There are 2 protein chains.
Amino acid sequence: MVSGMDDRTTRVLRHIVEDYIATAEPVGSRTISKKMGQSLSPATIRNIMADLEEAGFLAQPHTSAGRVPTGAGFRYYIDHLLARQSLARGEMDQLHRAAGEGNGPADELVRQVSRLLSNLARQASVVVVSSPEQQVLSSVSLMRAGVERILLVTVMRGGWVQHRLIEGEPDLTGDELERFSAYLNELAEGRTLLQLRARILDELGKEKARYDRVMGRALAMSARALTDTAPGEVFIEGRANILEQPEFAEDVHRLKRILRAFEEKSVIFRLLDRAMVSRAIQVSVGLENTVEELPDISVVASGYRQGASSVGSIGLIGPVRMDYSRVIPLVEYAASLLTTMFEDR
Amino acid sequence: MVSGMDDRTTRVLRHIVEDYIATAEPVGSRTISKKMGQSLSPATIRNIMADLEEAGFLAQPHTSAGRVPTGAGFRYYIDHLLARQSLARGEMDQLHRAAGEGNGPADELVRQVSRLLSNLARQASVVVVSSPEQQVLSSVSLMRAGVERILLVTVMRGGWVQHRLIEGEPDLTGDELERFSAYLNELAEGRTLLQLRARILDELGKEKARYDRVMGRALAMSARALTDTAPGEVFIEGRANILEQPEFAEDVHRLKRILRAFEEKSVIFRLLDRAMVSRAIQVSVGLENTVEELPDISVVASGYRQGASSVGSIGLIGPVRMDYSRVIPLVEYAASLLTTMFEDR
DNA sequence: GGTTAGCACTCTGCTTGCCGGAGTGCTAAC
DNA sequence: GTTAGCACTCCGGCAAGCAGAGTGCTAACC
């Protein structure tokens with residue numbers, strides 16, 4: 001039945017969804033009839049609407065209101081009926097420029113792009129960066145950070161920087177730190193964080209035999225620091241855009257739920273993780289998304305890569321009633337932009 | 001006139017403000033009469049209220065509503081009538097524990113404390129960290145960060161870590177980087193970022209004479225990197241608490257304004273900078289605060305120090321109707337906690 | 001002379017009832 | 001299969017009415 005809808009029916013569905021996206025109001029048969037050039041009368045449209053409602057694509061808020069697309073309606077629209085708008089030249093340029101301005105470390109880059117994406121789409125934008133464990137190291141350094149405190153700084157190939165504090169470690173001299181940093185760098189050469197850890201543990205066995213006390217201690221300490229894994233990062237920009245959407249502006253409760261979610265990294269991770277693994281853009285509509293607390297929002301997200309491996313994803317979070325035809329190309333472009341930016345890093 | 005208010009009048013004002021803080025509703029003469037143990041009849045209270053209104057401390061939303069404190073009313077209350085609640089043992093412990101958990105670099109510490117402060121106060125919490133230029137360096141390191149990219153990492157005494165990317169610099173060998181890092185560290189010893197910059201420029205002259213090309217280039221590069229100053233940081237936690245307050249939950253426009261402000265670092269800086277320089281806690285009520293876009297919010301903030309110098313401030317942002325008796329000690333305690341935490345770093 | 005009881009007055013918020021508009025579903029005719 | 005016509009439903013807005021809360025004023029009280 002679903003796949004068996006005839007062309008006319010799907011055209012009606014498309015118009016309903018698009019009108020609803022534009023107005024946020026239930027749409028009636030009259031409106032659609034006009035929109036379709038009066039080739040069909042309102043009465044006919046009503047019949048078709050009844051069919052669509054039966055099939056689960058539309059719903060009526062109450063007897064004599066117009067129809068509103070259901071989650072399934074949106075889903076069908078996105079999968080089969082969506083006519084993508086191509087990006088305006090200007091928007092592409094803006095995004096490019098934003099990426100250019102993010103010329104600090106990787107997080108700056110990502111933040112700039114996210115911020116602009118959020119502005120262009122008038123939605124809240126989210127970027128997640130997966131834990132960099134699988135990424136290849138560019139360099140490592142041990143730095144003094146106060147009394148009995150040492151900072152282990154790791155820089156990944158893409159430009160991600162992390163630091164972990166090692167506390168309560170009796171002071172090493174500057175020389176020793178330098179010597180050991182150099183040594184660590186050798187070990188790290190071309191390896192991922194994970195591999196480095198293994199390598200260190202390996203080395204630790206040998207080193208012990210060689211009775212170099214300082215080296216031994218330093219190795220043990222690094223191994224320890226590299227064990228508590230950093231969880232990855234989340235950047236959210238344009239939260240205020242949420243209020244641009246009438247569905248949130250009116251309902252304080254929903255608003256509170258979504259703002260709370262923004263404060264929980266783990267929730268955001270769960271929302272975007274599907275996009276992270278897949279290569280194509282992901283659109284989760286309402287109940288489909290994996291987070292029980294937020295059954296009434298949509299997430300449009302796409303992973304970005306560095307070389308062959310996915311390192312994170314970028315996307316938009318908003319009401320189910322989103323302008324997908326515009327928003328999907330935007331997110332795709334932003335993701336591909338990040339991918340190319342990371343390419344030559 | 002202001003200072004000439006008799007005891008009875010100020011007691012009435014106090015009760016009105018406190019009742020209003022508790023209920024967010026205009027308060028009437030009857031309520032106050034009861035609250036004061038019926039020692040005065042509602043009619044008398046009404047006379048006093050009329051006086052207070054004339055003096056500018058109260059206002060009436062409309063003829064037959066109760067009274068609401070004005071900004072001036074709150075100000076007077078805070079300055080003269082406030083009975084501070086002492087913190088509950090449990091709250092102090094919680095804050096302590098949060099500080100203990102923030103055992104990563106300084107930003108972790110600050111973020112944890114801010115987050116808990118926000119929870120305890122049920123308001124949005126903000127921390128600003130002033131630009132670390134004036135802080136004393138603990139160590140410096142140059143790290144490879146990809147092709148023709150070098151990362152300059154600086155660690156301050158308090159545990160603040162910064163990194164700047166230097167781009168388009170022809171590659172130095174690992175050895176050269178290490179050698180130069182060591183050299184930079186020597187120069188940095190006990191100096192602030194600002195002083196280091198001066199020292200480098202100084203050295204640059206001499207070095208040129210010595211014809212060490214690598215050192216010269218490295219010095220020039222570092223000087224360049226240290227010139228574009230990082231602006232300091234802002235952490236905001238508990239945004240969702242804003243919605244706990246009826247004054248914001250009802251008025252979408254105000255809500256939007258404040259959420260937008262949260263996305264602009266510079267606005268937050270302006271809001272908290274008075275607290276940063278002063279040593280005592282600062283309470284700005286409504287129109288008093290320096291940011292035109294937000295005339296109807298209050299900021300309670302206090303600077304925290306590291307040793308003798310102020311390095312930032314922590315505070316709460318919320319409606320003018322805040323529970324100051326509770327919130328002021330909380331902020332004070334949080335600030336002093338940060339100060340002591342940074343003491344032994 | 002300050003304090004208070006009493007009272008008329010005002011304003012809000014809630015409820016009720018009513019009406020027009022929008023939209024539907026059904027039926028019968030095309 | 002399509003459509004015109006019509007009865008029906010529901011919402012939103014508006015006005016009227018009413019109870020409740022609170023005030024200001026006046027006159028009496030201690």
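Values below: all heavy atoms of this structure, side chains included; hydrogens, waters and symmetry mates excluded. Bear in mind that the values here come from a model prediction, so they are computed numbers and not experimental data. In what follows, chains are A, B, ... by sequence order, proteins preceding strands, each numbered from 1.
- For B:T44, no side-chain nitrogen or oxygen approaches OP1 or OP2 of C:dG2 to under 4.0 Å.
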Show the distances under 3.5 angstrom between N or O atoms of the protein and N or O atoms of nucleotides 8-10 of chain C.
unit_1, atom_1, unit_2, atom_2, d
C:dT10, O2, B:S64, OG, 3.1

Where does DNA chain C pair, written as one dot-bracket string 5' to 3', with Watson-Crick or G-U pairs under 3.5 Å, ( ) inside the strand, [ ] for crossing pairs and | for another strand? ||||||||||||||||||||||||||||||

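- Here the P atom of nucleotide C:dG23 and the CE atom of A:M49 are 9 Å apart, to the nearest Å.
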Just the atom pairs and distances: protein N or O near nucleotides 24-30 of chain D's N or O, under 3.5 Å.
unit_1, atom_1, unit_2, atom_2, d
D:dG24, OP1, B:R67, NH2, 3.0
D:dG24, N7, B:R46, NE, 3.1
D:dG24, O6, B:R46, NH2, 3.0

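- Salt-bridge formation is not detected for the pair A:E263/A:R239: no Lys NZ or Arg NE/NH1/NH2 atom is positioned less than 4.0 Å from an Asp or Glu carboxylate oxygen.
- In this structure, B:Q38 places its CD atom 15 Å from C1' of C:dT3, rounding to the nearest Å.
- Nearer the 5' end of DNA chain C, as judged by each residue's closest nucleotide, is the contact made by B:S39, out of B:S39 and A:S29.
- Here C:dA22 presents its P atom at 19 Å from CD1 of A:I45, a figure rounded to the nearest Å.
- Between A:I32 atom CD1 and C:dT24 atom C1' the separation is 15 Å, expressed in whole Å.
- Looking at B:N241 and B:S118, their side chains do bring a donor and an acceptor atom within 3.5 Å of each other.
- One can place CD of A:E25 at 14 Å from P of D:dC11, the figure rounded to the nearest angstrom.
- Side chains of B:N47 and B:T44: a donor-acceptor N/O pair is absent below 3.5 angstrom, by distance only.
- Between B:R8 and C:dT3 there is a side-chain polar atom (N or O) within less than 4.0 angstrom of OP1 or OP2.
- The interatomic distance linking A:K34 (NZ) with C:dG23 (P) rounds to 9 Å, in whole Å.
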